[in-house]
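Notes to accompany the following structure.
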Amino acid sequence: MGTPMLVDQPQSPLSSQTMVGTTQLDLTLLEQAQPRREPSQKYLKEREICMDYFSGWTEQDQIEFVEELLVSMHHHQHGTVNAFLKPMLQRDFISLLPKKGLDHVAENILSFLDARSLCAAELVSKEWLRVISEGMLWKKLIERKVNTDSLWKGLADRRGWVQYLFKPKPGESHPSHSFYRRLYPSIIKDIDAIEDNWRCGKHNLQRINCRSENSKGVYCLQYDDHKIVSGLRDNTIKMWDRQTLQQHQRVLTGHTGSVLCLQYDEKVIISGSSDSTVRVWDVESGEMVNTLIHHCEAVLHLSFNFKFCNDNKLGMMVTCSKDRSIAVWDMVSPTEINLRRVLVGHRAAVNVVDFDDKYIVSASGDRTIKVWSTSSCEFVRTLNGHKRGIACLQYHDRLVVSGSSDNTIRLWDIECGACLRTLEGHEELVRCIRFDSKRIVSGAYDGKIKVWDLQAAMDPRAPAGTLCIRTLVEHSGRVFRLQFDEFQIVSSSHDDTILIWDFLNCNPPESNKSPSRTYTYVSNF
């Protein structure tokens with residue numbers, strides 16, 4: 001007869017079983033399978049006398065006596081004693097806590113489990129299942145994901161199930177636990193579909209035709225859930241409704257040259273132009289509230305952060321110019337922006353800047369990336385490697401990703417200055433680049449947008465041919481600027497259009513057709 005085995009059966013932690021891999025060995029069944037040893041007459045005669053002595057001692061005396069017994073025993077006897085003690089020492093605290101009126105403690109312990117572990121916990125016993133259900137732990141798991149993951153947060157808002165999370169509105173109640181138990185796998189299915197859409201290039205395409213009257217081209221943009229703000233070659237800043245894609249009636253005018261760069265927050269839009277000025281606009285009214293005159297040639301890029309605190313200032317801005325210089329500004333308010341320092345070191349136009357609380361990073365037509373200390377504005381190091389001028393970069397944590405007129409993208413470790421990887425694929429100058437924790441998205445003068453696998457690019461063992469996930473071709477002119485999130489890419493081009501590539505709301509592909517792509521055209525006259 002073989003040893004009886006129980007595989008993957010729900011067990012109470014109080015049961016006398018030990019785990020070996022994924023197989024559970026029932027000690028009680030093992031004991032029954034083995035013949036019982038007949039105790040000796042001497043043992044039977046003296047056992048009761050010994051137990052009477054033992055029970056008459058103090059607890060500490062009993063412990064010391066058992067310790068001496070164990071020391072005098074053989075090793076194989078220790079194994080038998082250990083197998084006997086193990087189930088006695090186990091405690092099903094999740095089942096025991098509610099009996100002490102501590103349901104909330106049991107719920108709090110299980111609330112730290114991930115989805116796979118929570119599924120397993122439901123199978124332990126009816127009591128564990130009750131604690132999970134009454135504690136609404138699937139709801140809490142979803143809420144934790146929404147609070148910590150931007151993909152989950154975005155899906156909650158876009159799919160509408162955010163209304164069932166967190167504290168209900170006065171007079172309303174939330175669904176039962178079973179609703180959230182069913183909701184979780186449906187969210188995972190939705191996330192998997194989005195990832196598949198990115199890999200396969202399945203998207204819904206929306207197009208805004210800007211219809212510029214004079215010079216055509218959209219040099220820069222930024223978007224949120226409500227609007228797209230764009231800087232145009234015709235010297236204007238135009239805004240578009242995110243839902244209808246219709247142009248706002250208000251057009252920001254004042255620059256006397258092309259709007260080459262812009263950034264906005266909840267209060268201001270700040271723009272830089274080929275007229276050499278930086279202008280500050282009120283988001284709500286569209287009024288121009290400040291003009292900064294410092295650079296002597298075109299302002300090619302800027303970056304600001306009002307929430308960034310440095311030396312007790314309310315914010316900071318960095319601008320760069322065709323005049324080869326970088327200007328660092330302290331921002332007290334939209335109307336009070338003071339020049340702190342001018343950084344000089346590049347030997348050609350400075351095309352792009354980025355910064356955080358540690359470093360300012362700049363890239364230039366002189367083929368170099370320079371790193372400066374944010375606090376002191378002192379030069380730190382130069383990153384060399386590109387064969388031609390650098391047109392774009394983004395910097396976050398230790399990673400810098402840059403695009404160049406040598407048609408390549410390079411990944412750099414900012415701390416040691418090493419080039420980690422070179423991405424090849426674009427046929428002309430790489431004009432714009434953005435990355436998040438998963439992807440790099442680049443746009444180039446070849447009119448193409450490429451999506452790259454960032455995690456694979458960071459792995460030196462990954463073959464170069466596997467790094468480009470998808471190439472998107474819809475623009476008929478040079479791609480000037482793009483921004484993206486987990487669900488979409490928004491890009492602008494010399495062809496005077498803004499394209500929205502939606503990977504969330506796209507139709508499933510029909511048979512015998514290429515990956516689905518539906519179009520929405522909006523012309524603005």
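The basis for the numbers below is simple: all heavy atoms, side chains too, and nothing from hydrogens, waters or symmetry mates.
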Between the main-chain N or O of Asp356 and the side-chain N or O of Thr374, is there a donor-acceptor pair closer than 3.5 Å? yes
Ring pair (Phe, Tyr, Trp, His ring centres under 6.0 Å) with Tyr184: of Trp161, Phe179, Trp152, only one passes, and it is Trp152
Reported CD1-to-CH2 distance for the pair Ile369 and Trp412, which is rounded to 0.5 angstrom: 5.0 Å
Are Asp282 and Lys267 close enough for a salt bridge, meaning some N to O gap below 4.0 Å? no
Val353 and Leu302, any side-chain heavy atoms less than 4.5 Å apart: no
Would you call Asp149 and Lys153 a salt bridge, taking side-chain N to carboxylate O under 4.0 Å as the test? no
Take Asn407 and Tyr445, measure what side-chain hydrogen bond (donor to acceptor under 3.5 Å, both in side chains) needs, and give me the verdict at the end. CA-CA 9 Å; Asn407 304 349; Tyr445 277 6; over 6 Å; no
Gap separating the CG atom of Asp265 from the CD atom of Gln222, nearest 0.5 angstrom: 8.5 Å
Stepwise, does the salt bridge (Lys or Arg N to Asp or Glu O under 4.0 Å) test hold for Glu195 with Lys438? CA-CA 10 Å; Glu195 293 299 315; Lys438 296 178 182 177; 3.1 Å; yes
Between His426 and Asp446, is the side-chain hydrogen bond (donor to acceptor under 3.5 Å, both in side chains) condition met? List the steps. CA-CA 7 Å; His426 281 294; Asp446 58 14; 3.2 Å; yes
Is the backbone of Ser437 close enough, under 3.5 Å, to the side chain of Gln455 for a donor and an acceptor to pair up by distance? yes
Is a side-chain N or O of Asp354 found less than 3.5 angstrom from the main chain of Gln394, in a donor-acceptor match? no
Identify the two heavy atoms, one from Tyr223 and one from Gln483, that lie closest to each other, and give their separation to 0.1 Å. N-OE1, 3.0 Å
Can you tell me how far the CG atom of Leu151 sits from the CD1 atom of Ile187, to the nearest 0.5 Å? 10.0 Å
Within a 6.0 Å radius of atom CD on Gln249, are there more than 12 heavy atoms belonging to other residues, nucleotides or ligands? no
Do Lys227 and Trp240 have side-chain heavy atoms sitting under 4.5 Å apart? no
Are more than 12 heavy atoms from other residues, nucleotides or ligands located less than 6.0 Å from atom CZ of Arg388? no
Could you check Asn384 against Thr382 for side-chain hydrogen bond (donor to acceptor under 3.5 Å, both in side chains), going step by step and ending with a plain yes or no? CA-CA 6 Å; Asn384 289 297; Thr382 298; 5.3 Å; no
Donor-acceptor under 3.5 Å (Arg144 side chain, Ser111 main chain): yes
Value for OG (Ser404) from CG (Leu393), rounded to nearest 0.5 Å, stands at 11.5 Å
Cut-off 3.5 Å, side chains only: do His295 and Asp323 have a donor facing an acceptor? yes
I want to check something: taking the side chain as every heavy atom from C-beta on, are Lys450 and Ile469 in contact at a cut-off of under 4.5 Å? no
So if I apply the side-chain hydrogen bond (donor to acceptor under 3.5 Å, both in side chains) rule between Ser362 and each of Lys370, His346, His301, which one comes out positive? His346
Just say parallel, tilted or perpendicular for the rings of Tyr219 and Phe480, cut-offs at 30° and 60°. tilted
For Glu284, I'd like to know if atom CD has over 12 heavy atoms of other residues, nucleotides or ligands within 6.0 Å. no
Compare all side-chain heavy atoms of Val400 with those of Leu411 and state whether any distance is below 4.5 angstrom. no
Quick one: closest heavy-atom pair of Leu262 and Ser230, and the distance? CD2-C, 3.7 Å
Hey, does the side chain of Asp459 reach the backbone of Arg461 with a donor-acceptor pair shorter than 3.5 angstrom? yes
Are side-chain heavy atoms of Met316 and Ile360 found at a separation under 4.5 Å? yes
Side chain to side chain donor-acceptor pair (under 3.5 Å) involving Arg434 - partner list, sequence neighbours excluded: none
Are any non-hydrogen side-chain atoms of Leu292 and Arg279 less than 4.5 angstrom apart? no
Are Glu297 and Arg324 within salt-bridge range, i.e. N to O under 4.0 Å? no
Restricting to non-hydrogen atoms, name the atom on His255 and the atom on Ser273 that form the minimum distance, rounded to 0.1 Å. ND1-CB, 3.1 Å
Is it true that atom CZ of Phe166 has more than 12 heavy atoms of other residues, nucleotides or ligands lying nearer than 6.0 Å? yes
Hey, is the main chain of Leu499 close enough, under 3.5 Å, to the side chain of Thr497 for a donor-acceptor pair? no
Side-chain donor or acceptor of Ser258 paired with backbone N/O of Leu260 under 3.5 Å: no
So, are Glu427 and Lys448 salt-bridged, with charged N and O less than 4.0 Å apart? yes
A side-chain contact here means heavy atoms from C-beta on lying under 4.5 Å apart; do Phe484 and Asp436 qualify? yes
So how far is it from Met458 CE to Ile440 CD1, rounded to the nearest 0.5 Å? 8.5 Å
Locate the shortest heavy-atom distance separating Val430 from Cys392; write the atom from each residue and the value. O-SG, 3.4 Å
Between His386 and Asp406: side-chain donor-acceptor atoms closer than 3.5 Å: yes
Apply side-chain hydrogen bond (donor to acceptor under 3.5 Å, both in side chains) to Tyr359 and Glu415, showing your working. CA-CA 10 Å; Tyr359 294 125; Glu415 295 295 347; 3.0 Å; yes
For the backbone of Val218 and the side chain of Ser492, can you confirm whether one donor and one acceptor N or O come within less than 3.5 Å of each other? yes
Do Arg439's NZ or CZ and the ring of Trp198 fall within the cation-pi criteria of under 6.0 Å and 45°? yes
Side chain proximity check, Cys377 to Arg340, heavy atoms < 4.5 angstrom: yes
Testing the basics here: between Asn351 and Gly365, what is the closest heavy-atom pair and its distance to 0.1 Å? ND2-N, 3.5 Å
Gap separating the OG atom of Ser215 from the CG atom of Asp234, nearest 0.5 angstrom: 7.0 Å
Examine distances only and state if a side-chain atom of Glu428 and a backbone atom of Ala444 form a donor-acceptor pair shorter than 3.5 Å. no
Run through Asn505, Asn197, Ile194 and flag the one making a side-chain contact (heavy atoms from CB on, under 4.5 Å) with Phe487. Ile194
Restricting to non-hydrogen atoms, name the atom on Ala391 and the atom on Leu429 that form the minimum distance, rounded to 0.1 Å. CB-CD2, 3.9 Å
